[in-house]
Amino acid sequence: MTRLSVEMLAADAPEPITSAGHAQLGIAVLAGIAVIVLLITKFKLHAFLALTIGSLALGAIAGAPLDKVLLSFSAGLGTTVAGVGVLIALGAILGKMLADSGGADQIVDTILEKAGGRSMPWAMVLIASVIGLPLFFEVGIVLLIPVVLMVAKRGNYSLMRIGIPALAGLSVMHGLVPPHPGPLVAIDAVGADLGVTLALGVLVAVPTVIIAGPVFSKYAARWVDVPAPDNMIPQRASEDLEKRPGFGATLFTVLLPVILMLAKALVDIVVDDPENPVQRVFDVVGAPMIALLASVLVGIFTLLRPAGFSKERISPLVEKSLMPIAGILLIVGAGGGFKQTLIDTGVGQMVLEISEDWSIPALLLAWLIAVAIRLATGSATVATVSAAGLVAPLAADMSTTHAALLVLAIGAGSLFFSHVNDAGFWMVKEYFGLTVGQNIKTWSVMETIISVVAGGIVLLLSLVI
């Protein structure tokens, strides 16, 4: 980015709500993030409240009038929820349908029937990646843990040899591939194209998940050789069902949103004419909301009906799927409010100018900021939304592909070294029956490998596309 482009962006940027200089804004950012970190880690406050209070602290220390800070925060929260709230809700519905109908178990069992011996870790990473597309990370863990434990026990495999590939598949999808909340928020914040980000996200995800999953699991199994704990094998969702949906129909339903969004991106590249009727049709059917809505509606006939769900059971299922995401929506919304406060106080512009002065590549800067926030807060989502707000101005004069890579750099950084302040760390530890030290040597190292490998691939791609 040239000095001229920075000056042009500065001229076009909205007037900040404070006249604070770089030093004061820098202190305000550090203080705001410190408040968020302390409230989450020390006082165990919910991330929604922590982000809200941190935004107010940021504005106050930056010298902005609090009434304007409140307006900025509210505007950012509303815009973010409006942009991704429906997508998160539709994704939750699809995930619930997949789990309760036994469709997820059908995919798992079908792939495991074809796999065995040395191919089992590869089968696990494939299962986790497919299942992880529409599911939140925590839901994916709960869904796959019974499979991981049963496969390890029945096949006499090392728990880490089977578990690490499954966790890697879930984690990579969570951090890099929409329609997961983190990538969606980052896409919205930096104005990236969703289809291009999805395509590049899959491109980055494949080698990343191979290295962090099947390859790393060989070493993890040597470092931590533990058996599958008997007392942690929960009941599978489909054990109470008389019948389940077919493998092909289930797989089609899961992949339908991805197919439609990638088709839109491909048509946009090939046709490149907004007035062309074909492109206009794909602009509609490939829009994230329509793609996910189509998958949910198709799922009623391909997942629920074959599993014996009556019409009366569909509405309660949808209701149950929406209740757990209230917290996620609030965190994502508050993250959007924090992002808007950063921008309106002039912090985004400050980062833009500093990155020019320091000659740090924008993608590397985005990755480093996400890493720092991830280490401090333990939340990949908080790291993503906060980092996206800080580096959003850097995308102003980027190409479509580089804006998408900026999103992926943020997502990669948000996965760095999960440790004791991350809820996922404790979920994995308890389900696998590990000590804290064993969990750090396996799960935490795996997350770091994902972050570094994905970040490196993103930087390499930025040099050639």
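Here, residue 1 is the first one in the sequence, and each next residue gets the next number. Below, each value reflects all heavy atoms present in this structure, side chains not excepted, and no hydrogens, waters or symmetry copies.
The closest donor-acceptor contact from the side chain of Arg374 to the backbone of Phe416 lies under 3.5 Å. Panel note: side chain Asp273, backbone Gln279; no donor-acceptor pair is recorded below 3.5 Å. Judged by distance alone, the side chain of Ser295 and the main-chain N or O of Thr253 form a donor-acceptor pair under 3.5 Å. Here the side chain of His419 pairs no donor or acceptor atom with the backbone of Ile440 at under 3.5 angstrom. The closest donor-acceptor contact from the side chain of Ser444 to the backbone of Ser418 lies under 3.5 Å.
Considering all non-hydrogen atoms of both residues, Thr384 and Ala186 come closest at CG2-CB, 3.9 Å. A pairwise comparison of heavy atoms in Val209 and Pro214 identifies O-CD, 3.4 Å as the closest pair. His174 and Ala380 make their closest contact through NE2-CB, 4.0 Å (heavy atoms, listed as atom of the first residue, atom of the second, distance). Across all non-hydrogen atoms, the minimal contact from Gly175 to Leu415 is CA-CD1, 4.0 Å. Taking every heavy atom of both residues into account, Ala362 and Leu394 meet most closely at CB-CD1, 3.9 Å. Closest of all the heavy-atom pairs between Ala334 and Thr52 is CB-OG1, 4.2 Å.
In this structure, Leu303 CG and Met97 CE are separated by 5.5 Å, a value rounded to the nearest 0.5 Å. The structure places CD of Gln340 at 11.0 Å from CG of Leu77, a figure rounded to the nearest 0.5 Å. Interatomic distance, CG of Leu39 versus CG of Leu49, reported as 8.5 Å (0.5 Å rounding). Distance check: Ile187 CD1 to Leu87 CG gives 9.5 Å after rounding to the nearest 0.5 Å. Considering CD1 of Ile61 and OG1 of Thr345, their distance stands at 11.0 Å, rounded to 0.5 Å. One distance of note links CG of Leu167 with CE of Met124; it measures 9.0 Å at 0.5 Å rounding.
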Original post:
Does the side-chain contact (heavy atoms from CB on, under 4.5 Å) test come out yes or no for Thr197 and Met261, once each step is laid out?
Top reply: CA-CA 10 Å; Thr197 308; Met261 287 188 279; over 6 Å; no
**OP:** Decide yes or no on side-chain contact (heavy atoms from CB on, under 4.5 Å) for Ile465 and Leu200, but give the supporting numbers first.
**Re:** CA-CA 11 Å; Ile465 61 174; Leu200 291 174; 4.0 Å; yes
**OP:** Take Leu58 and Val69 through the side-chain contact (heavy atoms from CB on, under 4.5 Å) test and state the conclusion after the steps.
**Re:** CA-CA 9 Å; Leu58 165 68; Val69 174; over 6 Å; no
**OP:** Step by step, work out the side-chain contact (heavy atoms from CB on, under 4.5 Å) result for Ile210 and Val125.
**Re:** CA-CA 8 Å; Ile210 288 172; Val125 80; over 6 Å; no
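Taking 4.5 Å as the limit, every side-chain heavy atom of Lys264 sits out of range of all side-chain heavy atoms of Leu260. Counting heavy atoms from C-beta outward, Leu459 and Trp367 have side chains that stay 4.5 Å or more apart. Between Val296 and Val318 there is no side-chain heavy-atom pair separated by less than 4.5 Å. With contacts defined as side-chain heavy-atom distances shorter than 4.5 Å, the pair Leu262/Val202 does not qualify. Side-chain contact between Lys429 and Val436: present, with at least one pair of heavy atoms (C-beta onward) separated by less than 4.5 Å. In this structure, the side chains of Leu293 and Val86 stay at 4.5 Å or more apart for every pair of heavy atoms. No side-chain heavy atom of Phe338 sits under 4.5 Å from any side-chain heavy atom of Val385. Taking 4.5 Å as the limit, every side-chain heavy atom of Leu94 sits out of range of all side-chain heavy atoms of Val254.
Sequence neighbours left out, not one pair with a member in residues 190-211 passes salt bridge (charged side-chain N to carboxylate O under 4.0 Å, His left out).
The aromatic rings of Tyr219 and Trp223 sit tilted, their planes meeting at an angle between 30° and 60°.
Among the candidates Thr341, Asp67, Asp344, the single residue satisfying the side chain to side chain donor-acceptor pair (under 3.5 Å) test with Ser72 is Asp344.
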